[in-house]
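Take a look at the structure below.
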Amino acid sequence: MEWYMYALSAVGGAAFGFAVAYVNMLISKANLNKDNFAAIMGANVLRLLVDAAALAAAYFVCKALSFPMIVPLIAVALGLSVGGMFFLKKIAKQIQSQRDDAANGGE
């Protein structure tokens with residue numbers, strides 16, 4: 001297989017993983033202020049299922065298109081991990097700024 005197929009599958013896998021991490025961030029953001037334990041656990045289980053579905057989709061796409069298997073799977077996993085950390089940092093900054101505003105009396 002040519003080198004550009006590996007590069008294409010790596011870039012595509014990383015972009016797909018980053019997009020799925022964004023979906024996970026939306027799920028987390030929607031359930032951020034819930035006080036119900038079952039709702040929080042349900043959101044976490046849903047995020048795990050979305051991650052597993054993304055990896056399964058990458059596997060089946062690679063199998064259908066005869067791409068190299070390991071490169072896109074690792075790229076999707078890296079996209080999920082790096083994207084998850086990026087979006088977690090983004091949510092943490094938003095929460096911190098909201099807490100700072102509330103502590104200052106909304107000024």
Side-chain angles (χ1 to χ4, degrees):
M1 202 154 286
E2 297 292 327
W3 67 270
Y4 61 86
M5 292 299 283
Y6 290 102
L8 177 66
S9 62
V11 170
F16 179 64
F18 200 80
V20 172
Y22 179 76
V23 171
N24 279 339
M25 188 262 312
L26 293 177
I27 293 169
S28 295
K29 211 174 198 183
N31 292 297
L32 192 61
N33 295 324
K34 301 279 183 174
D35 289 331
N36 187 0
F37 180 74
I40 294 169
M41 289 303 296
N44 286 333
V45 169
L46 180 60
R47 289 180 59 223
L48 289 172
L49 289 174
V50 167
D51 287 347
L55 289 168
Y59 172 79
F60 288 118
V61 165
C62 288
K63 197 169 187 170
L65 297 178
S66 299
F67 275 177
M69 192 71 65
I70 195 72
V71 174
L73 289 178
I74 291 173
V76 170
L78 282 173
L80 286 169
S81 299
V82 172
M85 288 186 284
F86 174 76
F87 292 124
L88 178 63
K89 187 175 181 180
K90 186 176 176 180
I91 289 175
K93 281 184 180 180
Q94 288 177 349
I95 292 171
Q96 187 63 36
S97 67
Q98 288 174 356
R99 286 185 181 168
D100 289 346
D101 289 345
N104 293 332
E107 297 177 8

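Just so we're clear, the structure is a prediction, and the values are computed from it rather than from any experiment.
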Practice prompt. Look at the side-chain heavy atoms of Ile, Leu, Val, Met, Phe, Trp and Tyr, link any pair under 4.5 Å apart, and say whether Ile95 and Leu26 land in one connected group.
Written response: yes

When every non-hydrogen atom of Gln94 is compared with those of Lys29, the smallest separation belongs to OE1-CE, 3.2 Å

What one should report as the nearest heavy-atom pair of Ala21 and Gly84 is CB-N, 3.6 Å

Honestly curious: do Leu48 and Val76 fall in one hydrophobic cluster under the side-chain, below-4.5 Å linking rule?
no

CG (Leu65) and CE (Met5) are apart, to the nearest 0.5 Å, by 8.0 Å

Note, Asn44 side chain near Arg47 side chain (heavy atom, < 4.5 Å):
yes

request  = For residues Phe86 and Tyr22, determine if any side-chain heavy atom of one lies less than 4.5 Å from a side-chain heavy atom of the other.
outcome  = no

Shared hydrophobic cluster for Val50 and Phe16 (ILVMFWY, side-chain gaps under 4.5 Å): yes

Counting C-beta onward and ignoring hydrogens, is there a side-chain heavy-atom pair between Val20 and Asp51 closer than 4.5 Å? yes

With clusters defined by side-chain heavy atoms of hydrophobic residues (ILVMFWY) lying less than 4.5 Å apart, directly or transitively, does Val23 cluster with Val61?
no

CE of Met25 to OG of Ser28, rounded to nearest 0.5 Å, is 8.5 Å

On a heavy-atom basis, the closest approach of Ile27 and Ala43 is CG2-O, 4.0 Å

So NZ of Lys93 and CG of Leu88: to nearest 0.5 Å the spacing works out to 12.0 Å

Flag side-chain contact, heavy atom, 4.5 Å: Ser9 against Pro68: yes

On a heavy-atom basis, the closest approach of Ala10 and Val71 is CB-CG1, 3.7 Å

Single-linkage hydrophobic cluster Tyr6~Leu78, side-chain heavy atoms < 4.5 angstrom | yes

